[in-house]
Amino acid sequence: MTTDPLILSGPTLVAATADRCGEAATWCPEENALYWCDVHGARIHRLEAAAGTVTTWDFETPVVALSLTREPGRLLVALATHLIWWWPATGARQDHGFRLPNWPAARLNDGRADPEGRFWIGSMFNDLGADAAALEAAAPGHLYSISAGGDVTTHLSGIKVSNTLCWSADATRFYFADSPRNLLRVFDYDGAAGRLSNPRPHLAGEPHGIPDGSAIDADGYLWNARWGGHAVVRIAPDGRVDRVIAMPARNITTCAFGGPGLSTLYVTSAANDTTADDRLAGALWSLETAVAGLPGHRVAVGVA
């Protein structure tokens, strides 16, 4: 039972999948289903919301992000080093064409479609090898956007861990986090040109962990998952912390609105880098809210 008028119920355990690093929660309204990935487990899950059943697909390498596309049934999947097209109904997979230029110093991380159908993907230091600490210090991450025709633009460099790729409802703002620096920034966004400008801090130094993935609600508030913070933080458009929502796992990784009316907030978590008493680390959770989320953007399919 909750006394918060914005949180009607939850957090509720939805799936105890024990993901090493659950990420990329993505709601598919046509299927009434939620997709999400386990980065280091190299798999994608699909929750059928009505039945509560989970289907899992295995991949050969870490799965770091995914997006619906404007072609029903086709998803864009980001692996550690490159992008692929994926058709869950048949299991078919096809190379997209984009490959991370500076692997193995870096690997891909969080990614989402913008309102115009480009796919934006950030990278981070390669945490898959023995020299991860040195690579993190070197900050080899970048932020890229990829057009439907395959053109790649590099927007930011010198990033440790890219997270939180979100656009405001009016598509004039873009939110982005560099997690180890505990910094969320907001940029002016020019959709026609696909350009960022005027970066400024949106939330810095928040004590509840560090920023991971985020979702936007219809009131323009950013819901930010906090790695190491047992929490989701709701941030007002002016950068003020509106509320801190306690979660039953330490490492909260990303969130997405789904369900009828987009009022269910699905929240992923990670079993990596936690303690033995964090028994449900890596599970999927849900919160019923009194606010609606925004529909997710979809990648324009222009590359075979």
Side-chain angles (χ1 to χ4, degrees), residues 19-26 35-45 56-69 74-88 91-114 118-165 176-180 212-213 227 253-254 268 270 272-273 299-304:
D19 295 328
R20 290 175 59 191
C21 188
E23 285 283 1
T26 301
Y35 288 89
W36 78 103
C37 69
D38 178 2
V39 174
H40 298 101
R43 55 188 184 164
I44 291 177
H45 304 296
T56 299
W57 293 264
D58 292 321
F59 288 74
E60 294 75 24
T61 59
V63 185
V64 302
L66 55 90
S67 175
L68 302 180
T69 74
R74 183 199 292 214
L75 274 68
L76 182 62
V77 175
L79 305 177
T81 61
H82 63 288
L83 305 182
I84 63 170
W85 302 112
W86 178 52
W87 290 261
R93 304 172 191 185
Q94 182 177 321
D95 187 61
H96 168 280
F98 173 81
R99 275 177 161 65
L100 181 65
N102 62 336
W103 167 268
R107 71 161 174 86
L108 295 174
N109 202 46
D110 201 3
R112 279 187 179 168
D114 71 12
R118 307 177 192 91
F119 187 62
W120 291 62
I121 182 82
S123 60
M124 60 173 280
F125 73 92
N126 182 9
D127 60 347
L128 306 175
D131 54 350
L135 290 173
E136 179 181 3
H142 296 77
L143 176 65
Y144 306 97
S145 66
I146 302 133
S147 73
D151 295 325
V152 179
T153 302
T154 302
H155 298 274
L156 300 173
S157 300
I159 300 161
K160 292 188 176 184
V161 178
S162 297
N163 265 310
T164 293
L165 284 74
F176 180 77
D178 192 343
S179 297
D212 209 310
W227 178 277
T253 50
T254 195
T268 61
N272 284 350
D273 189 26
V299 170
V301 177
V303 179

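Computation of the quantities below employed the complete heavy-atom set of this structure, encompassing side-chain atoms and omitting hydrogens, waters and symmetry-equivalent molecules.
From I121, atom CD1 reaches atom CG of L76 across 8.5 Å, with rounding to the nearest 0.5 Å. Distance CG/L75 to CZ/R93: 12.0 Å, rounded to 0.5 Å. Atom OH of Y35 sits about 10.0 Å away from atom OG1 of T26, to the nearest 0.5 Å. Rounded to the nearest 0.5 Å, atoms CG (L66) and CZ (R112) are 10.0 Å apart.
Using modelled atom types, one side-chain atom of T69 and one backbone atom of R74 make a donor-acceptor pair closer than 3.5 Å. A donor-acceptor contact shorter than 3.5 Å is absent between the side chain of T164 and the backbone of A177. A side-chain donor-acceptor contact under 3.5 Å links T268 to the backbone of T254. Between the side chain of D19 and the backbone N or O of D38, no donor-acceptor pair lies under 3.5 Å. At distances below 3.5 Å, not a single donor-acceptor pair connects side-chain atoms of R118 with backbone N or O atoms of S145.
Closest non-hydrogen pair, A270 versus C21, comes out as CB-CA, 3.7 Å. Of all heavy-atom pairs between G141 and S123, the closest is CA-OG, 3.4 Å. Nearest approach of I146 to L83, heavy atoms of both residues: CD1-CD1, 3.8 Å. What you find for A24 and A65 is that their closest heavy atoms are CB-CA, 3.8 Å. Across all non-hydrogen atoms, the minimal contact from A148 to A300 is CB-O, 3.8 Å. Annotation for L165 and G111: closest pair CD2-CA, 4.2 Å, computed over non-hydrogen atoms.
Side-chain contact between S179 and W227 is absent, with no heavy atoms from C-beta onward closer than 4.5 Å. Residues E23 and D212 meet the side-chain proximity criterion, which asks for heavy atoms closer than 4.5 Å. Using a 4.5 Å heavy-atom threshold, the side chains of I159 and F176 count as touching. Side chains of C37 and F59 form no contact here, defined as non-hydrogen atoms less than 4.5 Å apart. Under the 4.5 Å side-chain criterion, counting only non-hydrogen atoms from C-beta, V64 is not in contact with D110. Between T61 and T81 there is no side-chain heavy-atom pair separated by less than 4.5 Å. Between L108 and F98, some side-chain heavy-atom pair lies under the 4.5 Å cut-off.
Side-chain N/O atoms of D114 and W120 include a donor and acceptor closer than 3.5 Å.
Applying the side chain to side chain donor-acceptor pair (under 3.5 Å) rule to R107 yields the partners N109, D127; only residues at least two apart in sequence or on another chain are considered. Partners of W36 by ring-ring contact (aromatic ring centres under 6.0 Å, His included), not counting sequence neighbours, listed by chain and number: H45.
The salt bridge (Lys or Arg N to Asp or Glu O under 4.0 Å) pairs that include a residue from residues 139-155 number zero, where partners must be two or more places apart or lie in different chains.
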Go through the steps to decide whether Y144 and H142 satisfy the test ring-ring contact (aromatic ring centres under 6.0 Å, His included), and finish with yes or no.
CA-CA 6 Å; Y144 306 97; H142 296 77; 5.7 Å; yes
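Between D178 and K160 there is no salt bridge, since none of the side-chain N atoms of the basic residue sits less than 4.0 Å from a carboxylate O of the acidic one.
Taking the six-membered ring where tryptophan is involved, the planes of W85 and H96 are tilted, since the angle between them lies from 30° to 60°.
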